[in-house]
Number of protein chains: 2
Amino acid sequence: MARPPRKPADPGPAETPPPGRRHRSRGGMTLSELAQIAGVSPMSASRALNAPALVSPAILAKVQAAVASTGYVANRVAGGLASRRSRLVAAVLPSLAGSVFEPMVQSLFVALAQSDYQLLLGQSGYGVQQDHRFLEALIGRRPDGLVLCGVVPSAEGARQLAAARLPVVETWDMVASPIDMVVGFSHESIARAVAEHLLRHGHRQFAFVGGDHERARRRGKAFASAIQAGGKSRNEPVSIVLETAPTPGTVRGGREALRRILARQPKTSAVFCSSDMLALGMVTEAQARGIAVPGQIAIVGFGDASFSADIRPALTTVRVDSEAIGRKAAHCIVERAEGREVANAVVDVGFSLIVRETA
Amino acid sequence: MARPPRKPADPGPAETPPPGRRHRSRGGMTLSELAQIAGVSPMSASRALNAPALVSPAILAKVQAAVASTGYVANRVAGGLASRRSRLVAAVLPSLAGSVFEPMVQSLFVALAQSDYQLLLGQSGYGVQQDHRFLEALIGRRPDGLVLCGVVPSAEGARQLAAARLPVVETWDMVASPIDMVVGFSHESIARAVAEHLLRHGHRQFAFVGGDHERARRRGKAFASAIQAGGKSRNEPVSIVLETAPTPGTVRGGREALRRILARQPKTSAVFCSSDMLALGMVTEAQARGIAVPGQIAIVGFGDASFSADIRPALTTVRVDSEAIGRKAAHCIVERAEGREVANAVVDVGFSLIVRETA
DNA sequence: CTGTTAGCGCATTCAG
DNA sequence: CTGAATGCGCTAACAG
């Protein structure tokens, strides 16, 4: 007794009063059903939902009543397919855990939500490794835009992004040759500001501690250059050691890094850390060893974490306006997704050096 | 010169050799195009992509070659619509910023990715407020499951979730009457363990500091009950004050809370904090005021944050296996999404009291 | 194992 | 302002 094909040309006796749907189990009500209940055409219901201004008050009221009584929730995957706009934005970050990007992602999320876009998450790990795997997964959702948070795509990844013809915003450290749009800050400028501050306070032997990834190494080099340049312009001998700590930065990582630094360059008197967690570790280790902070060693953090102002001694650190980055990145994506041009494809939100007690 | 309807029955002269598509600008290549290039039927191409075992090696090879040469990325929104499976899981958390849920969300993310599911993010704020707004947005994507991370849905929200007939996992504190599945730990058990530890060490005047939301208040009450019970069984007078600090917990919040506690109950000798950040604040404030930790005041944190073992004094805290929670939640969702039953709909991952220096 | 047919639930397009 | 027709790109269900 073979079942007939799905719904063949079967103008036979109407066995099922409603047009005999198949699997009305998952997915809930459809727009057509809603429209039927409201007593309007599906198209009017669609408009009442998406462009209320285009329908008469009467229809609007009927549809809204039907929504209220049924709890109808539109199927956005169908809508996305039909309209070719998913209202989805993909965000790629190295890792969720212990990441310094959270405040940025948070504000990105909120700003996007306000424009009725949702966030799809991707994680890259910190490497420039095979990101094409998960990039494909994201691209397959046909997001209306993509935000890279402190992530540098591989050449292959960049190609995929280009092929997908998506609005892309790179955030955090600004990169030299952006794929599309960039919102962030200049680590060179920050390096110079920190170097200048420290040199002015008489320090001559420095250290830098960054994560164990390419981006951090570039920051270390920028800081080293700034220190060298400052020494030269002052005609004073300076020295600097570059250390690395596991990413994401931890107190333990900071403590261990300080030990290594002091082993390599015992008279180090100032350290610039790529995160406040690392800096907290440095302070902790220094205290444990009876080294005065900032008396014997000055410590500068990065990020102005929530705890930085309130620990003792309070951390001197570099603050970047993560919220602004998230917000502006969202703006860039939304504008482009709606077909408008974005005037400033490269936005530098700047930074500020917050001088507190540790330096 | 009215344009003809979109593509009406127009068997006229074939003007465009390929079947005259409309807007081949966004969205990239289609499966049919891929199939054509590979020289197979669309359905074979689909199978080669999604169920390679069902096609002959010859077809598989052809399709894979075509994918490699074109960079084809399947459109999952179309696939989702057709198959009624989005391979999307929605995760709701109070906030991304400074949240204690990150390690859990991280492992949830990874575990889901391994089963080829992606994470759609939702934020609720800590309140039990109008979550139905963004719940609708999530449900509209027709996710295959939903994970609530430390979030209690409102009655309205719970109704929507029920109506959506989704697999739902509530995580973190286990709730008394779950919507569907639960993975987490028992705050009552934790309260008892901490109370017992503290009582055994001779403490009699306690404080509890939690966030300013319902869930935290329940934890505070559980701790108070455990303390009272412990005092009664020992026949010793005990007292406890309940304080609250802004969520998410910060060092500043902890410092301020300690001040209030000491103002209310000067002889407080043991404090249980609902997060390690708060505990760090307490330690900081105590040190700033010359109060010895743990000599004069013992402090117990919660969460075993990355810094807790490495600060001085090292934090005594309660560890929960966040990774396990994320992993198991993912398992629950995936199993149900694939139509299998989940044997343990309620999973307690337990906890451990990590005794270090502060208590 | 392979191909054909018929939609998934919605929005775009155009004619009223 | 409203509605009917059409198909977004893919897969389920069948028949070979």
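Just so we're on the same page: letters track the sequence lines, and every chain starts at 1.
With respect to A:Arg76 and A:Asp116, a salt bridge is recorded, a charged nitrogen being found less than 4.0 Å from a carboxylate O. We find that A:Arg336 and A:Asp180 are joined by a salt bridge, their nearest charged nitrogen and carboxylate oxygen being less than 4.0 Å apart.
Separating the CZ atom of B:Arg76 from the C1' atom of D:dT11 is a distance of 14 Å, rounded to the nearest angstrom. At whole-Å resolution of the value, CG in A:Asp144 and P in C:dA11 are 14 Å apart. In this structure, CZ of B:Arg87 is placed 11 Å from P of D:dT11, rounded to the nearest angstrom. Whole-Å rounding puts the A:Glu33 CD to C:dG9 P distance at 8 Å. One interatomic measurement links the two molecules: CG of A:Leu34 to C1' of C:dC10, which rounds to 13 Å at whole-angstrom precision.
Nearest-nucleotide assignment on DNA chain D puts the 5′-proximal partner with B:Ala78, out of B:Ala78 and B:Met43. Residues B:Ser83 and A:Ala82 both approach DNA chain C. Their nearest nucleotides, taken by heavy-atom distance, put B:Ser83 toward the 5′ side.
Checked by atom type, the side-chain pair A:Arg87/A:Gln118 shows no donor-acceptor distance below 3.5 Å.
A:Ser44 contributes no side-chain N or O that, together with a main-chain N or O of A:Val40, makes up a donor-acceptor pair within less than 3.5 Å. Panel note: side chain A:Gln123, backbone A:Leu96; a donor-acceptor pair is recorded below 3.5 Å.
OP1 or OP2 of C:dG9 has not a single side-chain nitrogen or oxygen of A:Tyr72 nearer than 4.0 Å. Phosphate contact (OP1/OP2 of C:dG3, side-chain N/O of B:Ser44, threshold under 4.0 Å): present. Contact check, B:Ser56 against C:dT2: a side-chain N or O comes under 4.0 Å of OP1 or OP2. Applying the 4.0 Å criterion to OP1 and OP2 of D:dG3, one finds that A:Ser41 has a side-chain N or O inside that range.
In this structure, the nucleotide among C:dG9, D:dT2, C:dG3 sitting nearest to the side chain of A:Ile59 is D:dT2. Taking the side chain of A:Leu81 as heavy atoms from C-beta on, and the options D:dG9, D:dT2, C:dC10, the nearest nucleotide is D:dG9. You'll find that the side chain of A:Leu31 is closest to C:dC10, out of C:dT2, C:dC10, D:dG3. Of the candidates C:dC8, C:dC10, D:dG9, C:dC8 carries the atom nearest the B:Arg84 side chain, counting heavy atoms from C-beta on.
Using a 4.5 Å heavy-atom threshold, the side chains of A:Cys332 and A:Val169 count as touching. In this structure the side chain of A:Leu49 reaches within 4.5 angstrom of the side chain of A:Leu31, judged on heavy atoms.
Contacts of residues 46-54 of chain B with DNA chain C (heavy atom under 4.0 Å): B:Arg47, B:Leu54.
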